[in-house]
Amino acid sequence: MPNPFPGMDPYIERNEIWADFHSALIDAIRGLVQPLLRPRYAALTQDRLYAVESEQPIRPEIGVVRTSTAAPAVTPAAVAEPDAPAIFEIWREEIREPLIQIVEPAAGNRVVTAIEVLSPDNKRHGPGRDAYLTKREELWSSGTNLVEIDLLREGDPTVRLSTEKLASLGRWHYLVAVTRRHPSLQEVYAIPLERRLPRVAIPLAAGDKDVSLDLQGALQRCWDEGPYPEVLRYAENPRGFTPQEVQWCRELLTKAGIRSACQTQGEPRPINNSRASSDE
């Protein structure tokens, strides 16, 4: 089954399958750009590592005190025992997030450009976002170009733009931001749901011509090689869309011969307007 959407399929954004899609898209992007980089550059997949800690309640502990077997000579004073606390186990999990680094082997694998595909943890407050922003600052300080690909509707954008500048982009659902070091510029591709994903200019070292990443081609490669037609839940409504956008998704799925929520669940509950509608 072909991808029923002209661009990003919003049903892929489910947490249960996003990690698989994220890794597949990283591999597809590297596969597309690698032939364009030869012979001077190479695209390597690297991991960013961060730790997540969480608390899991176990049980309240009750202290049991055993007194001496010998009879006391005098009436003992009451002994105040510690109150029973709630006990928690601390779970520490290491999270690995892949990214692509374009390096120059002849210059000791100097990193020229980094390509990031954002994950849900990068867009919500916590260690995942902190690790991402810290790494981004390190890349910026080292003179590395950065390409940030945001195909997630939920969460806070990471793009280096004010709220006013984001609003000036018009109606959008997805973003790709290219931050160049020479000259110091940021190029933003604002993508509505109804449009194909863009061909993105990937910067290299100063004086070298950009290479073009066909992001829609990378998505299509993931779709063709992955399990997504079998695991996507088209019988549910996509989250975070206006009623008009949900209706557009229904019509598209119906045209493709796919059973959608309108055919299995009836009319959906009203959906709060999301970022795209607030920018109109």
| Above 12 or not: heavy atoms from other molecules or residues under 6.0 Å from CZ of R221? |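 It does: R221 CZ has more than 12 such atoms within range.
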| Residue pairs fulfilling side chain to side chain donor-acceptor pair (under 3.5 Å) with at least one residue in residues 26-38, sequence neighbours excluded |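 Those involving residues 26-38 are R30-T45.
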| Backbone N or O of A206 within a donor-acceptor pair of the H182 side chain at under 3.5 Å? |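 Checked: no pair found.
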| task | Please identify each residue that fulfils side chain to side chain donor-acceptor pair (under 3.5 Å) with R110, with sequence neighbours left out. | result |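 Expected list: E104.
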Less than 4.0 Å between a side-chain N and a carboxylate O, is that true for [Y] and [X]?
X	Y	result
E154	K123	no
R160	E137	yes
K135	D130	no
K255	E251	no

| request: Kindly indicate whether the side chain of I191, heavy atoms from C-beta on, has any atom under 4.5 Å from the side chain of L175. | output: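 The answer is no; the side chains never approach within 4.5 Å.
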| Say you draw a straight line from CD1 of I29 to CD1 of I100; how long is it, rounded to the nearest 0.5 Å? |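 Answer rounded to 0.5 Å: 5.0 Å.
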| Is the closest side-chain donor-acceptor distance between E148 and Y132 under 3.5 Å? |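 Side chains of E148 and Y132: pair found under 3.5 Å.
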| said: Any donor-acceptor pair under 3.5 Å linking the side-chain atoms of H173 with those of E245? | reply: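 Yes, a side-chain donor-acceptor pair sits under 3.5 Å.
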| query | Can you name the one residue among V176, L152, L215, I26 that meets side-chain contact (heavy atoms from CB on, under 4.5 Å) with V117? | reply |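 The side-chain contact (heavy atoms from CB on, under 4.5 Å) with V117 is passed solely by I26 among V176, L152, L215, I26.
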| query | Can you name the ring-ring contact (aromatic ring centres under 6.0 Å, His included) partners of Y41, sequence neighbours left out? | reply |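 Counting only residues at least two positions away or on another chain, Y41 forms no ring-ring contact (aromatic ring centres under 6.0 Å, His included).
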